[in-house]
Undergrad: 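First the structure, then my questions, so here it is.
Hydrogens, waters and symmetry mates play no part in the numbers below; they use all other heavy atoms, side chains included. When a ligand or atom number is given, it counts from 1 through the structure's own listing order.
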Amino acid sequence: MIGIFDSGVGGMTVARAVEKVNPSCPIIYYGDLARTPYGSKSPETIIKYSRQNTEFLLSKGAKLIIIACNSASSVASEVLRKEFAVPIFEVITPAVHKVLATSENGRIGVIGTRATIKSDIYNRQIKDGAPDFKVFSQSCPLLVPLVEEGWLDHRETKMIVRRYLHPLKLKKIDTLVLGCTHYPLLSNLIRHRVGKRVKVIDSSEAVALELQQYLEANPDLAAELSCDIASSFYASDVTDAAIATAKRIFGRNIDLIKVDPYC
Ligand code: DGL
């Protein structure tokens, strides 16, 4: 089974993308809704939560972990790789690979939470791969609560998206990274705002494709991960808005099981 965690339901965009490309591998999902958002917390706190989430998923039988949260990926992936003996995937490196293969003018916009943007990880990784590229970053702290609230098409959301993206448009970017797993839910709005000429990179799809390639190269692990049981979805809090968002992402009802693994 593939274990996937996020601070909330946004990481389900990754779970959905993984399910599409690896339908024979059941997923155990954990959304830490009781402690969301992660993006405005300190690295120490995000690392602590990420460690606990990983332990929970491993206790449920996960053999591979995907950190479906850019904020946690940016500060906790190295720690988790040192501490746990299973493959740990994160969402940033696959998105950067896609950026490097996509951009023509080398002018990249990155949007994410405060934690992700402050970590500067996209800028550093993109510059490692292409030193001449220019990266323009914008933290968008209001978008995660709007998505968690299900305000995907509200007028207020459109205004906030416009406000965040305007500075990036002025920089003449040709590629925009959705550096938060909640943002694919706003991708129509975002695509409309940046215009057709800007390619939008969805880190959820990028990690799903890299996982698929990894499993093709590691057939023993792929066999170990596949089994005939249904995926399960856990959360440290369950709200009506979360249930509705999960349904929107998967296009079917998702049974969100409430657990409190930290007491
Ligand atoms: N979905 C998470 C991410 O990709 C962020 C949500 C949060 O701030 O908790 O960064």
Undergrad: Using a strict cut-off of less than 4.0 Å between a Lys/Arg side-chain nitrogen and an Asp/Glu carboxylate oxygen, indicate whether D153 and K158 qualify as a salt bridge.
TA: yes

Undergrad: Please identify which of these residues, V147, N188, L189, T157, meets the side chain to side chain contact (heavy atoms under 4.5 Å, CB included) condition with L152.
TA: V147

Undergrad: I'd like the contact residues of ligand 1, where contact means a heavy atom below 4.0 Å.
TA: D6, S7, T36, P37, Y38, G39, C69, N70, S71, T113, V144, C180, T181, H182

Undergrad: Using 30° and 60° as the class boundaries, would you call the ring planes of Y49 and Y38 parallel, tilted or perpendicular?
TA: tilted

Undergrad: With a sphere of 6.0 Å drawn around CD of E104, does it hold more than 12 non-hydrogen atoms of other residues, nucleotides or ligands?
TA: no

Undergrad: Are the side chains of S232 and M1 in contact, using a 4.5 Å heavy-atom criterion?
TA: no

Undergrad: Do T113 and S71 pair up side chain to side chain, a donor and an acceptor below 3.5 Å, judged on atom types alone?
TA: yes

